[in-house]
Amino acid sequence: MENTEKLTNSKEVIAYIAERFPLCFTIEGDAKPLKVGIFEDLAARLSDDPKVSKTQLRTALRQYTSSWRYLHGVKAGVNRIDLDGNDCGVLEDEHVEHAKKALEESKAKAAERRKEIAMKKAAEHKAKAAQAKKSRPDAAKAKNTAAKTSKLNKKVEQPTRALTADEVRVGNNVKVSMGQGSMPATIVEINKDDVRVRLTNGLTMVVKAEHLRS
């Protein structure tokens with residue numbers, strides 16, 4: 001059974017009429033100038049065709065005759081053709097000039113669109129670059145910030161001295177030597193040389209008296 005599914009867009013319509021009338025229409029290469037009034041001929045030939053309507057034919061013809069390849073073919077001394085490829089008279093000068101002007105305007109619009117698209121892409125690229133730069137810390141600033149942070153976080157050890165016997169007593173605030181640094185603490189219990197201290201974080205530990213500093 002023949003496929004009678006209706007065509008949905010001008011591209012499909014142009015391909016269809018090029019298939020039905022190959023001596024008149026083409027979907028690639030140079031397009032020949034069409035007979036004046038060819039729409040009526042086309043509509044009459046396809047009046048009983050369920051695949052395409054008159055509105056679709058009119059829209060498709062308008063797209064076909066405004067394409068660059070069609071306008072390129074409208075030149076002085078070239079004949080128009082009918083649906084069967086028969087010559088229908090030489091193009092008039094005014095039609096040639098009209099096609100030439102239409103082609104120039106179409107190309108100018110296309111160039112302007114390309115320019116606008118390029119400018120838009122450039123602006124988007126610039127905006128992304130600016131955002132990336134904004135989110136990326138400046139190297140010098142980052143280095144300066146790191147130096148300040150390090151300085152603030154660094155514990156400055158004040159000079160200390162060993163405790164005297166009188167200073168080793170419960171309740172006294174002392175410093176407990178731990179490795180290369182010391183931690184503040186409070187003496188809570190004394191058992192001969194063993195001294196229990198409470199650190200500022202609340203933990204308690206037993207150390208030798210010789211490890212306590214003032």
Side-chain angles (χ1 to χ4, degrees), residues 1-139 141:
M1 183 177 180
E2 185 179 357
N3 182 14
T4 57
E5 184 177 352
K6 200 171 185 64
L7 303 176
T8 59
N9 56 60
S10 293
K11 184 177 181 180
E12 291 182 351
V13 173
I14 293 172
Y16 181 62
I17 61 178
E19 180 183 352
R20 291 291 303 273
F21 308 101
L23 298 177
C24 180
F25 297 97
T26 176
I27 58 175
E28 59 183 15
D30 295 334
K32 297 179 180 180
L34 302 176
K35 169 189 172 183
V36 175
I38 200 167
F39 168 72
E40 287 75 13
D41 296 345
L42 191 59
R45 292 278 194 99
L46 299 176
S47 60
D48 297 327
D49 195 320
K51 298 185 70 172
V52 62
S53 66
K54 283 188 176 181
T55 300
Q56 287 177 307
L57 286 175
R58 192 184 301 277
T59 301
L61 270 178
R62 187 179 299 115
Q63 180 175 317
Y64 185 83
T65 56
S66 63
S67 67
W68 288 7
R69 66 190 188 90
Y70 181 85
L71 294 174
H72 271 297
V74 181
K75 300 176 182 178
V78 178
N79 288 331
R80 291 182 180 276
I81 58 173
D82 63 12
L83 293 176
D84 300 312
N86 300 314
D87 290 342
C88 297
V90 179
L91 285 165
E92 297 181 5
D93 291 342
E94 61 180 295
H95 293 160
V96 174
E97 287 301 316
H98 176 76
K100 182 180 179 181
K101 183 178 180 181
L103 181 60
E104 291 175 350
E105 291 177 350
S106 180
K107 287 187 175 182
K109 289 180 179 179
E112 186 63 27
R113 285 196 297 271
R114 288 195 297 269
K115 182 179 179 180
E116 289 176 357
I117 292 173
M119 291 177 65
K120 183 178 180 180
K121 288 184 177 180
E124 291 176 349
H125 178 74
K126 185 177 181 180
K128 288 181 180 180
Q131 183 62 32
K133 184 177 181 180
K134 183 179 179 181
S135 61
R136 185 173 60 247
D138 179 78
K141 183 177 180 181

**Item:** Chi angles and distances behind the side chain to side chain contact (heavy atoms under 4.5 Å, CB included) call for Arg20, Arg45
**Value:** CA-CA 10 Å; Arg20 291 291 303 273; Arg45 292 278 194 99; 6.0 Å; no

Interatomic spacing from [atom1] in [X] to [atom2] in [Y] - rounded to 0.5 Å:
X     : Y     : atom1 : atom2 : answer
Glu19 : Ile14 : CD    : CD1   : 14.0 Å
Ile38 : Leu57 : CD1   : CG    : 11.0 Å
Phe25 : Ile17 : CZ    : CD1   : 4.0 Å

4.5 Å side-chain heavy-atom contact, [X] and [Y]:
X     : Y      : value
Cys24 : Leu42  : no
His72 : Leu103 : yes
Thr55 : Arg58  : no
Val96 : Lys100 : no
Leu34 : Leu61  : yes

Treating [X] as the side-chain partner and [Y] as the backbone partner, does any N or O pair qualify as donor plus acceptor under 3.5 Å?
X      : Y      : answer
Thr59  : Gln56  : no
Tyr64  : Ile27  : no
Ser106 : Ala102 : no
Asp84  : Asn86  : no

**Evaluation steps, side chain to side chain contact (heavy atoms under 4.5 Å, CB included), between Phe21 and Leu46** = CA-CA 11 Å; Phe21 308 101; Leu46 299 176; 4.3 Å; yes

**Request:** Quick one: list whatever passes side chain to side chain contact (heavy atoms under 4.5 Å, CB included) with Val78, sequence neighbours left out.
**Result:** Pro33, Lys75, Leu91

**Message:** Walk me through whether Ser10 and Arg62 qualify under side chain to side chain contact (heavy atoms under 4.5 Å, CB included).
**Reply:** CA-CA 9 Å; Ser10 293; Arg62 187 179 299 115; over 6 Å; no

**Prompt:** Around atom CD of Glu28, are there more than 12 heavy atoms of other residues, nucleotides or ligands at under 6.0 Å?
**Reply:** no

**Message:** Checking Lys120 against Glu124 for the side chain to side chain contact (heavy atoms under 4.5 Å, CB included) test, could you report, in this order, the C-alpha distance in whole Å, the side-chain angles of both residues, the deciding distance, and whether it holds?
**Reply:** CA-CA 6 Å; Lys120 183 178 180 180; Glu124 291 176 349; 3.5 Å; yes

